[in-house]
Amino acid sequence: MDYKYLIVEEKPNGVVLITLSREKSLNALNSAMLKEIHHFFSNVDEDVRCIIITGAGKSFVAGADIAEMANFTASEAYDFAKLGMDTFMEIEKCRTPVIAAVNGFALGGGCEISIACDIRLASTKAKFGQPEVGLGITPGFGGTQRLSRVIGPGYAKELIYTTEMIGADKAYQIGLVNHVYEPEELIDKAVEMANKIASHAPKAVEYAKQSIINGSQTDIDTAMQIEKTHFGLCFATNDQKEGMDAFLNKRKSEFTGE
């Protein structure tokens with residue numbers, strides 16, 4: 001598929017950089033862009049080992065496209081929320097880790113897409129917020145659910161109820177982002193982390209991601225069963241044999257993803 005709003009760059013080692021590109025609209029998410037993101041994450045190649053998402057220009061994603069939403073009926077708004085939620089669920093459940101490299105505004109849908117990713121890295125110029133109630137609506141792409149899981153219900157409620165926009169340092173303080181970098185370093189640092197992830201056994205990384213995501217949605221006993229199952233599945237892979245043999249023989253592992 002030829003994308004109008006996504007720039008897809010294949011980096012070495014199975015790393016892919018996606019740039020969300022509606023720069024004149026600060027990369028605001030309209031239906032067409034959401035469908036492109038959904039398509040990409042529904043069709044990730046087997047040889048992809050880590051994905052980075054960033055935004056074109058000075059913004060990561062400034063939110064959902066208000067010009068498109070303004071005259072929605074309740075039914076149309078529901079369908080738009082469903083499209084956004086389905087798209088971000090594809091990101092969350094993607095078999096490979098996804099890193100958000102937040103280079104600027106991450107507001108509303110922009111904050112929501114970042115918290116659908118596994119890891120968030122921020123530029124010192126990044127700004128996060130959920131401004132929806134100031135527009136007479138609620139977050140609609142998972143913000144009321146994922147945000148509290150990432151930073152706890154207290155901070156999530158504060159950001160959503162007050163519509164306060166916070167900078168990268170505050171986002172780091174409350175656990176919304178993992179690291180903060182100078183703007184010129186952000187993508188290089190994201191690629192560096194992606195390469196480190198990509199150097200490990202792909203199936204093991206995939207199973208670890210599934211254990212974390214699926215386990216966090218259930219009780220501790222069920223979550224432990226999920227972890228045991230994935231641990232066992234690792235021993236059906238060639239990479240487990242390679243990794244342990246390399247360790248025992250003091251050599252570097254060469255993982256193939258099998």
*Report yes if the distance between the aromatic ring centroids of Phe72 and Phe80 is under 6.0 Å, otherwise no.*
yes
_Heavy-atom closest contact (Asn27 atom, Glu23 atom, distance)_ = OD1-N, 3.4 Å
*Please lay out, stage by stage, how Glu206 and Lys209 fare under the test salt bridge (charged side-chain N to carboxylate O under 4.0 Å, His left out).*
CA-CA 5 Å; Glu206 177 184 345; Lys209 175 172 178 174; over 6 Å; no
*asked:* Between Leu147 and Tyr155, is the side-chain contact (heavy atoms from CB on, under 4.5 Å) condition met? List the steps.
replied: CA-CA 9 Å; Leu147 194 59; Tyr155 278 126; over 6 Å; no
*Exercise: identify the closest heavy-atom pair between Thr163 and Gly134*: CG2-N, 3.7 Å
*Nearest non-hydrogen partners of Asp118 and Thr96, listed with the distance*: OD2-O, 4.1 Å
_Asn43 side chain to His39 backbone, donor-acceptor under 3.5 Å_ = yes
*Is a donor on one side and an acceptor on the other found under 3.5 Å between the side chain of Asp219 and the backbone of Asp221?*
yes
*Would you mind reporting whether Arg22 and Asn30 have side-chain heavy atoms less than 4.5 Å apart?*
yes
*Taking all heavy atoms of Cys50 and all of Ile99, pick out the closest pair and write down the distance.*
SG-CD1, 3.9 Å
_Any donor-acceptor pair under 3.5 Å linking the side-chain atoms of Thr54 with those of Asn103?_
yes
*How are the rings of Tyr207 and His230 set relative to one another: parallel (under 30°), tilted (30 to 60°) or perpendicular (over 60°)?*
parallel
*How long is the span from the CE atom in Met193 to the NZ atom in Lys196, to the nearest 0.5 Å?*
8.0 Å
*Stepwise, does the side-chain contact (heavy atoms from CB on, under 4.5 Å) test hold for Thr19 with Val8?*
CA-CA 7 Å; Thr19 302; Val8 180; over 6 Å; no
*Do Lys125 and Glu182 come within less than 4.5 Å of each other through their side chains, counting heavy atoms only?*
no
*Compare every heavy atom of Phe255 with every heavy atom of Arg49, then report the nearest pair and how far apart it is.*
NH2-O, 3.5 Å
_Derivation of the side-chain contact (heavy atoms from CB on, under 4.5 Å) call for Glu76 and Asn71_ = CA-CA 9 Å; Glu76 290 169 336; Asn71 295 313; over 6 Å; no
*asked:* Nearest 0.5 Å, please: how far is CG in Leu248 from CZ in Arg251?
replied: 9.5 Å
*Salt bridge Glu258-Lys203, side-chain N to carboxylate O under 4.0 Å*: no
*What closest approach, in Å, do Ser114 and Phe128 show between heavy atoms, and which atom pair accounts for it?*
OG-CE2, 4.2 Å
